[in-house]
Amino acid sequence: MFNKRIKIKALLQNDATDYEATVMGWVRTFRNNQFIALNDGSTNNNLQVMAALGLLDETTLKRITTGACIKATGKVIASLGKGQKVELQATSIEILGDSDAEKFPLQPKKHSLEFLREIAHLRFRTNTFGAIFRVRHSLAFAIHKFYNDRGFVYMHTPIITGSDAEGAGEMFQVTTLPLDGTAPKNEDGTINFKDDFFGRSTNLTVSGQLEGELAAMAFSDIYTFGPTFRAENSNTTRHLAEFWMIEPEVAFADLEDNMNLAEDFIKYIIGYAMEHNKEDLEFLAQRLVEEEKAKPQNERSEMDLIEKLEFVVKNDFERITYTEAIEILRESNHNKKKKFQYLVEGWGIDLQSEHERYLVEKHFKKPVILTDYPKDIKAFYMRQNDDGKTVAAMDILAPGIGEIVGGSQREERMDKLLKRMEEMHIPAEELDWYLDTRRFGACPHAGFGLGFERLVLFVTGMTNIRDVIPFPRFPKSAAF
RNA sequence: UCCUCCUUAGCUCAGUUGGUUAGAGCAUCUGACUGUUAAUCAGAGGGUCGUCUGUUCAAAUCAGACAGGGGGAGCCA
């Protein structure tokens, strides 16, 4: 067996000394021809591997470059230097993989996030991205743990869908038909999909919700967690063309149950990361502090990253209706002094980013759940309230991110649902399978979607969504 | 898609009212030193100033188009 190594995290956590150990990892820096800072990704902390003078010949010494992969065996001893408790006094060092120092782009110095985005395939080897993606992993694991512990069934909804009527956004088409203009056409000039792979037009999913509702009508409580795709030409720090979404769907639940679930859920997974990724979060918090030093005093955050996360976990989210939110915005000094680009005047408008930011960051200074939006600015499947104007929708707005969750109680009454679909020009025949949930044993139910990357943004304190997914997909970009 | 800012060495950036041979720090290479912590010290190499087209005696510098990137907006998660 090749691998009898100890992971660097485990080695550093152990206070014992004077034992033999083998480690493997990638060289971060090599100082003084003697001191190798070795990292294997288990933690941001490097192990200092000490190669005594004379241990290695000249040729091998030159091959220990930043980025090279090495195997080192030796004795773990109390460090003579000041920066670390223990170090490995090497008795043998083997180069597993060379790294040409003239070509390897990462240096032992600060790199801009913009530069690292261009070399996303190597950025895992930096402290910042090491921390981000270990936190991302923990959050993903915590999501499964949260729902599993509560008896939810993890449902795999399709990635390729035959439905194009969900209305959640522009879709990517899936086809094996030739793209050179020779694809079969109907008489009216549109493409005839009869001979396509699936015998019909298909797309990449924009949401697993509709299929999720079907499963909830059997298992009571389900969740999905998978990739979703939007072909929107969105060029922002919080949109991706390929992103991961968590969508629980719960039978026998109303809007309040839905809000409670979402709030518990968010608090749980953040708490999990705080417990299991303390070092990484502290590193990211420090990174943020350094970054904010460049900003003027009044633009710096009041709380550091850890304090902010603690605050979210320990305090109740603010819950207000859309109507109340409009009132707060309309009466705000900000609005009266015309500081909004879009002034808040009447009921019925969709809230702009600046309005959401004001509510979350200035007025309440905590996550806010907005409920009961006008039905005309929300999706067809949301349950209509008795006032005839609003629907039982809820959005959770997070400081610095904006909308992180969108959800609703679903319209379980067939007649009302059909009428709404007709008003919104959604073809009922396309969604006949979905309507079966209302035909056979319909019940009050609710659910929401949480954008995973937006959550990772919030927890890591990063500001560009392209930095919290390994290989971001966005307009004009699908490298790697 | 819209608004706005940016593009000079591998990276991060200087570069004056247009003017002769475009600079620095880090990285790299060579050497020195050897308990270093983004090691230090000395030296060297490294540039089609994003691309194209104009204006001008003269363009990194001015203008336009295009490309790429940042930030903001819209669409949303």
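If you're wondering where the values come from, they're calculated on a predicted model, not measured in any experiment. Chain naming here is simple, since letters A, B, ... match the order of the sequence lines and numbering starts at 1 in each.
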Give a yes or no on whether E20(A) atom CD has more than 12 heavy-atom contacts from other residues, nucleotides or ligands under 6.0 Å away.
->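 Yes, the 6.0 Å shell around CD holds more than 12 heavy atoms from other groups.
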Where along nucleotides 33-49 of chain B does protein come under 4.0 Å, by heavy atom, of base (B) or sugar-phosphate alone (S), with - for untouched nucleotides?
-> -BBBBBB----------
Cation-pi check, R150(A) to F146(A): give yes when NZ or CZ is under 6.0 Å from the six-membered ring centre and within 45° of the ring axis, no otherwise.
->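 Yes, R150(A) lies over the aromatic ring of F146(A).
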Do we get K365(A) above F311(A)'s six-membered ring, with its NZ or CZ under 6.0 Å from the centre and within 45° of the axis?
->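 Because its charged atom misses either the 6.0 Å distance or the 45° angle limit, K365(A) does not stack over F311(A).
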Is any side-chain N of the basic residue among E290(A) and R287(A) closer than 4.0 Å to the acidic one's carboxylate O?
->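 Result for this pair is no, no salt bridge flagged.
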Lys/Arg N to Asp/Glu carboxylate O, D254(A) vs R383(A), below 4.0 Å |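 Salt bridge absent between D254(A) and R383(A).
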Stems with RNA chain B, 3 or more Watson-Crick or G-U pairs in a row (under 3.5 Å), are B:1-7 with B:67-73, B:10-13 with B:23-26, B:28-32 with B:40-44, B:50-54 with B:62-66
Contacts of K378(A) that satisfy side-chain hydrogen bond (donor to acceptor under 3.5 Å, both in side chains) - sequence neighbours left out |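 side-chain hydrogen bond (donor to acceptor under 3.5 Å, both in side chains) list for K378(A), sorted by chain: D395(A).
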Starting at the 5' end of RNA chain B and moving along, which residue's nearest nucleotide shows up first, G406(A) or L351(A)?
->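 Checking each residue's closest nucleotide, the 5'-ward one belongs to L351(A).
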Do E102(A) and G10(B) have a side chain to base donor-acceptor pair shorter than 3.5 Å?
->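 No such pair is found, so the answer is no.
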Do the two ring centres, one from F471(A) and one from F124(A), sit under 6.0 Å apart?
-> yes
Ring center gap for Y154(A) and Y223(A) short of 6.0 angstrom =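 So the answer is yes for these two rings.
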Using the P atom as the reference point in each nucleotide, state the distance between C66(B) and U1(B) in Å, no decimals.
->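 These two P atoms come out 12 Å apart once rounded.
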Relative to the ring of Y147(A), is the ring of F152(A) parallel (under 30°), tilted (30 to 60°) or perpendicular (over 60°)?
-> tilted
What class does the angle between the rings of Y272(A) and F141(A) fall in, given that below 30° is parallel, 30 to 60° is tilted and above 60° is perpendicular?
-> tilted
Just do the side chain to side chain contact (heavy atoms under 4.5 Å, CB included) check on T128(A) and L116(A) with the steps written out, would you?
-> CA-CA 10 Å; T128(A) 299; L116(A) 293 171; 5.9 Å; no
Indicate yes or no for a side-chain donor-acceptor contact from [X] to the backbone of [Y] under 3.5 Å, with no hydrogens or angles considered.
X	Y	value
E453(A)	W244(A)	yes
T236(A)	R238(A)	yes
R410(A)	E249(A)	no

Do any N or O atoms of the protein come closer than 3.5 Å to N or O atoms of nucleotides 67-71 of chain B, and which pairs are they?
| unit_1 | atom_1 | unit_2 | atom_2 | d |
| --- | --- | --- | --- | --- |
| G70(B) | OP1 | R117(A) | NH1 | 2.9 |
| G70(B) | OP2 | R466(A) | NH1 | 3.4 |
| G71(B) | OP1 | N464(A) | ND2 | 3.4 |
| G71(B) | OP2 | N464(A) | ND2 | 3.2 |

Check RNA chain B against residues 126-140 of chain A and give the residues with a non-hydrogen atom under 4.0 Å, in numerical order.
->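 Nucleic-acid contacts, sorted: none.
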Under a 4.0 Å heavy-atom cut-off, which of residues 362-378 of chain A touch RNA chain B?
-> none
